[in-house]
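Numbered from 1 within each chain, the chains take letters A, B, ... in sequence-line order. All heavy atoms count here, side chains included; hydrogens, waters and symmetry mates do not.
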Amino acid sequence: MLRGPKKPELAKAYDASQVEDGIYARWEKSGYFDPDKLPGGKKKKPFTIVLPPPNATGALHVGHATMLALQDLMIRYKRMRGFAALWLPGTDHASIATQTRVEKNIQEQEKKSRHDLGRTEFLRRVDEFVEKSRDRIRNQIRKMGSSIDWSREAYTLDAPRSEAVIEIFNRMYEDGLVYRGERVVNWCVRCTSTLADDEVEYKEQKAKLYFLKYGPFSVATTRPETKLGDTAVAANPSDERYKKWIGKSFELDWGKGTKPLTIRVIGDHEVDANFGSGLVGVTPAHSAVDFRMAEKNKLSVIKVIGEDGRMLETAGKYKGMTVLEARHAFVKDLEAQGLIEKVEELTNNLSACYRCATAIEPLTSLQWFVDVNKKIPGRGKSLKELSLDAVRKGGVKIIPERFEKVYYHWMENLRDWCVSRQIWFGHRIPAWYCPDRHVTVARTVPKVCGAKGCGSKRLTQDSDTFDTWFSSGTWTFTTLGWPKKTPDLKRFHPTDVLETGYDILFFWVARMILMTTYVMKQVPFKTVYLHGLVRDEQGRKMSKSLGNVLDPLDVIPKYGTDAVRLSLVLGTAPGADAKVWDEKIAGYRNFTNKLWNVSRFILTSVSKVRRESKKPTPKTLADRWILARLEAVTAQASAHIEKYEFSPAGELLRDFSWTELADWYLEIAKIQMQDTKLKASTEKVLLHVLENVLKLWHPYMPFVTEAIWDLLAGNAKGKKFLMIESWPRVVTPAEAGAQRSRDFDLIREVIGAIRNVRSEYKVEPAKRVDATLIAGTKAKLLKENSDVIRTLARIETLTIVAKGEKPKDAASAMVGGIEACLPLAGMVDPAKEKARLEKEKANLEGFVKSLEAKLGNRGYTDNAPKGIVDKTRAMLAEKREELKKIVAALAVT
RNA sequence: GGACGCUUAGCUCAACGGUAGAGCAUCUGCUUUACACGCAGAGGGUUCAAGGUUCGAAUCCUUGAGCGUCCACCA
């Protein structure tokens, strides 16, 4: 890395791949990612973000890259603003996802199942796999430039987190918030495990609706085989057809090889009288809705499908068949008996496991549940109420706000949470059973059964593990040391921002609020910032099967991390899906290069490379303008960032850096530096603006800014990383407003108008022409800036007058009440020029007319704010003046 | 069935009640010693539709259309 010689020889194009890794290594070595190691870090106000732990299943995708870019942006911004910024990394063991993945690998490579390997060996393999992917994930996080505190890295399945999970479950048990019960759960036959309600996905499918002769009735069903487990038939109580039947029972016989069923007729408002025959066969063991009806009506429950997805003893002759086999066989038998009245086609939703897409089988099972409605002893509120309060009372603010409604709706309708999973990989449930089926929940392995008077020492631990979200729901506080009362916990919790994708609002965000309000009596975070999904150029979700997945590690070498980060942050809004594609990233790569070249110009043109931190005294209009713009942009960008408006802030900075600084001020600086009287002050302005621009950009593009900083401040005494420099001083809006001036804009417009005329008349770019500016009251201003106008508009002799007439054979243009005339002798075609002026005249006339109409309207002058009306009046005066000049110009053409 | 979001230049997005903007793409010129990953200039929009509120609507209200997402779920 170049260390800022006095006149640095810098590469023409910025090559990110040459500098990024080196800079990251130096940052990491410095220790400043750890807020305690920042200068004065212990005394600074904390700002905390915990990294949503990526699943330990493999590689990070571009969605993760977005998350890293946004969080690093916030962390770097806050660090520069004087906070002890803590960004805490980790990984999630993601029990089902990881186990599924490893099972698949082993199946493919060794043709073995996890049962072939046994629990111990299988878990060893999973750990091995996790270790490997964790390394890859860590590398990717580094590649993105994340200023994350590796010394505090955590894992949802490591010892401290295990201890915490056991402690929480015990407390919940003591508070009566967890119970073990036989209830209908979502069962994945492939995973042989339960799933939470929100882990079930729905896919539309075409299905057959069978109308069965059902005792005295007709009942429609898409799942005939479950009818072997019916214990009731339900009708809407207001349905006249069936009213008289409610409360009565009848025998139902499905034929040889099945057990006859006793069916009670019940009334339930959930039944839609207009669907099918208006009757529902109630199968309590295999439908959550039916189970609720069974509870209300005290029906018996007959389970006919087992955990392996095969029919049970209760299904009689169909025992041992898979669900689909049983369906076919049963339908065939029913047909033979003439029990099928008709079959209709219909589209319905098939529920499937969100991890392996296997069809979900609802069935009753003995599981652990968290009761979300029970009042917590001593708190007077349920988990659900606490979670709702956290957002309702403003403790947690969700961005964008509309997701608060989504959150309420979900939380209000939350049912008891099934937390036990028949998965090997995860936190083992700390519950033990004796042969008499007494339950003992404990913090450490118990020696005797906890049930009164039992005394059994033959205890076996529950073989199940916890839902992965049960442990990741504790992420904000367990990563900071809970249940120990650590200084970190005291200092950094609640955390400040949780930044994540809206797709895990329920899975994770809601669960964190639930777990944290219960355990900590605190919110987990004050603000939730939700980013959208990243889609491809055509707006499609990225997926492996479509082959449109953008791997950050593929594009970083090509365009550099800074460009990738910009492309993920700019042009996006919270909660809205964003598109990324190659050309977009390339565009930001170009900007990275632009910033590099702006710096290269400044660093190689000044007499001495140095920091110029104090605001220099401006000597020219351009100086005043660029310094005022810098202050305004600093204020506006900071305000946007404070409001989590990262894209508008970035757009503002981009426009300032490229258009205002590079295209205008740098060009003028070249002119000013020719003038010995202005050279020193111009250098100061250049260095000052550069220093601040680097700071402003640093949270967005840390690498290129740090690389340039190295060149700028490399020789300075006590040189620090840009990363820990302080943010530019933010002036108040009033201060910034006071410095606003339209004068420079006018100069720009005049130059633009002349360039336009030149281009229209195809004047060779290098050729210098003469020009006359008829400037009225602005003559003095233009004269003061005649050097700038002459050079940038390529004028040979520039004449500026207050009053005058357009020379003959000249082309002219109007701008801000000024007439710019270019006597292009021999080049101006009078007819063409006349046509051009006529067109401009017509335009102006139309505009003047509309302004006159506006001002002639009392409704407008009376009701519109005075400032607006005054502006219109001024505009009218200016346009009338221009119109007069056009008319005069036409006269001489 | 319920809720939400989007619809503005060819594409990606800004403008949040006062003459519609930017980047990319397109076209025309430029080896102007920071940058061709560049510079200068240009063209391109009944702001999805129809009503309404207002002196004034891309912006607020109503209705509708198209696209998308989430939740619930039908037996």
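- Remark: the A/D230 side chain and the A/Y214 side chain contain an N/O donor-acceptor pair separated by less than 3.5 Å.
- Residues from residues 872-880 of chain A that place a heavy atom under 4.0 Å from any atom of RNA chain B, listed by number: A/M875.
- Contact between the side-chain N/O atoms of A/N857 and the OP1/OP2 oxygens of B/C55 is not found at any separation under 4.0 Å.
- For the side-chain hydrogen bond (donor to acceptor under 3.5 Å, both in side chains) test, residues two or more places apart in sequence or in another chain that qualify with A/R880 are A/E852.
- Salt-bridge annotation for A/K670 and A/E667: present, with a side-chain N of the basic residue lying under 4.0 Å from a carboxylate O of the acidic one.
- Atom NZ of A/K213 is surrounded by 12 or fewer heavy atoms from other residues, nucleotides or ligands within 6.0 Å.
- For RNA chain B, each stem of at least three Watson-Crick or G-U pairs (distances under 3.5 Å) is given as range with range: B:1-7 with B:65-71, B:10-13 with B:21-24, B:26-30 with B:38-42, B:48-52 with B:60-64.
- Counting any heavy atom pair closer than 4.0 Å across all strands shown, A/R758 reaches no nucleic acid atom.
- Within residues 201-213 of chain A, the residues approached by RNA chain B to less than 4.0 Å at the level of any non-hydrogen atom are A/Y202, in residue-number order.
- In summary, of the residues considered (A/F506, A/F403, A/F507), a ring pair (Phe, Tyr, Trp, His ring centres under 6.0 Å) with A/W410 occurs for A/F506 alone.
- Taking atom C1' on both B/A34 and B/A22, the two are 24 Å apart, rounded to the nearest angstrom.
- Side chain to side chain, A/Y588 and A/N593 fail the donor-acceptor criterion of an N or O pair below 3.5 Å.
- OP1 and OP2 of B/A3 both lie 4.0 Å or more from every side-chain N or O belonging to A/K405.
- When the P atom of B/C70 is taken as reference, atom CD of A/E412 falls 21 Å away, rounded to whole Å.
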Give me the distances for all protein-to-nucleotides 11-16 of chain B N/O pairs that come in under 3.5 Å?
| residue | atom | partner | partner atom | Å |
| --- | --- | --- | --- | --- |
| B/U12 | OP1 | A/K579 | NZ | 3.1 |

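- Atom name C1', nucleotides B/G44 and B/G23: the rounded distance is 15 Å, in whole Å.
- The ring of A/Y242 has its center closer than 6.0 angstrom to the ring center of A/F217.
- Atom CG in A/D582 sits roughly 16 Å away from atom P in B/C24 (whole-Å rounding).
- Under a cut-off of 6.0 angstrom, the local environment of CD in A/E401 is sparse, with at most 12 non-hydrogen atoms contributed by other residues, nucleotides or ligands.
- Looking only at atom types and distance, the side chain of A/T659 has a donor-acceptor partner in the side chain of A/D655 under 3.5 Å away.
- Between A/F646 and A/Y529, the distance separating the two ring centers is shorter than 6.0 angstrom.
- A/R654 has its CZ atom 11 Å from the P atom of B/A22, to the nearest Å.
- For A/N349 against B/C73, a side-chain-to-base donor-acceptor contact under 3.5 Å is present.
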Set out, line by line, the N/O atom pairs under 3.5 Å between protein and nucleotides 33-43 of chain B.
| residue | atom | partner | partner atom | Å |
| --- | --- | --- | --- | --- |
| B/A34 | OP1 | A/K670 | NZ | 3.3 |
| B/A34 | O3' | A/R600 | NH2 | 3.1 |
| B/A34 | O2' | A/N597 | OD1 | 2.4 |
| B/A34 | O2' | A/R600 | NE | 3.1 |
| B/A34 | O2' | A/R600 | NH2 | 2.7 |
| B/A34 | N7 | A/K670 | NZ | 3.3 |
| B/A34 | N6 | A/A662 | O | 3.1 |
| B/A34 | N6 | A/E667 | OE2 | 3.1 |
| B/A34 | N3 | A/N597 | O | 3.2 |
| B/C35 | O4' | A/N597 | OD1 | 2.9 |
| B/C35 | O4' | A/N597 | ND2 | 3.3 |
| B/C35 | O2' | A/N593 | OD1 | 3.2 |
| B/C35 | O2 | A/K594 | NZ | 2.9 |
| B/C35 | N3 | A/K594 | NZ | 2.8 |
| B/C37 | O4' | A/N590 | OD1 | 2.7 |
| B/C37 | O2' | A/N593 | OD1 | 3.1 |
| B/C37 | O2 | A/R589 | NE | 3.2 |
| B/G38 | OP1 | A/N590 | ND2 | 3.3 |
| B/G38 | O3' | A/K594 | NZ | 3.0 |
| B/C39 | OP1 | A/K594 | NZ | 2.7 |
| B/C39 | OP1 | A/W658 | NE1 | 2.7 |
| B/C39 | OP1 | A/D663 | OD1 | 3.2 |
| B/A40 | O3' | A/R755 | NH1 | 3.4 |
| B/G41 | O2' | A/S759 | OG | 3.1 |
| B/A42 | OP1 | A/N756 | ND2 | 3.1 |

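- Take the nearest nucleotide of RNA chain B for A/E583 and for A/N863: the residue whose nucleotide is more 5' is A/E583.
- Ring centers of A/W664 and A/F656: at least 6.0 Å apart, outside the cut-off.
- Distance from the side chain of A/R402 is smallest for B/G5 among the nucleotides B/G18, B/G5, B/A75.
- Here A/W596 and A/F601 keep their ring centres 6.0 angstrom or further from each other.
- Comparing the C1' positions of B/G41 and B/U53 gives an interatomic distance of 43 Å, to the nearest angstrom.
- Within 4.0 Å (heavy atoms only), A/V289 reaches sugar-phosphate atoms of the nucleic acid but no base atom.
- A/Q205 CD: more than 12 foreign heavy atoms inside a 6.0 Å radius.
- A salt bridge links A/E749 to A/R742: at least one charged side-chain nitrogen sits closer than 4.0 Å to a carboxylate oxygen.
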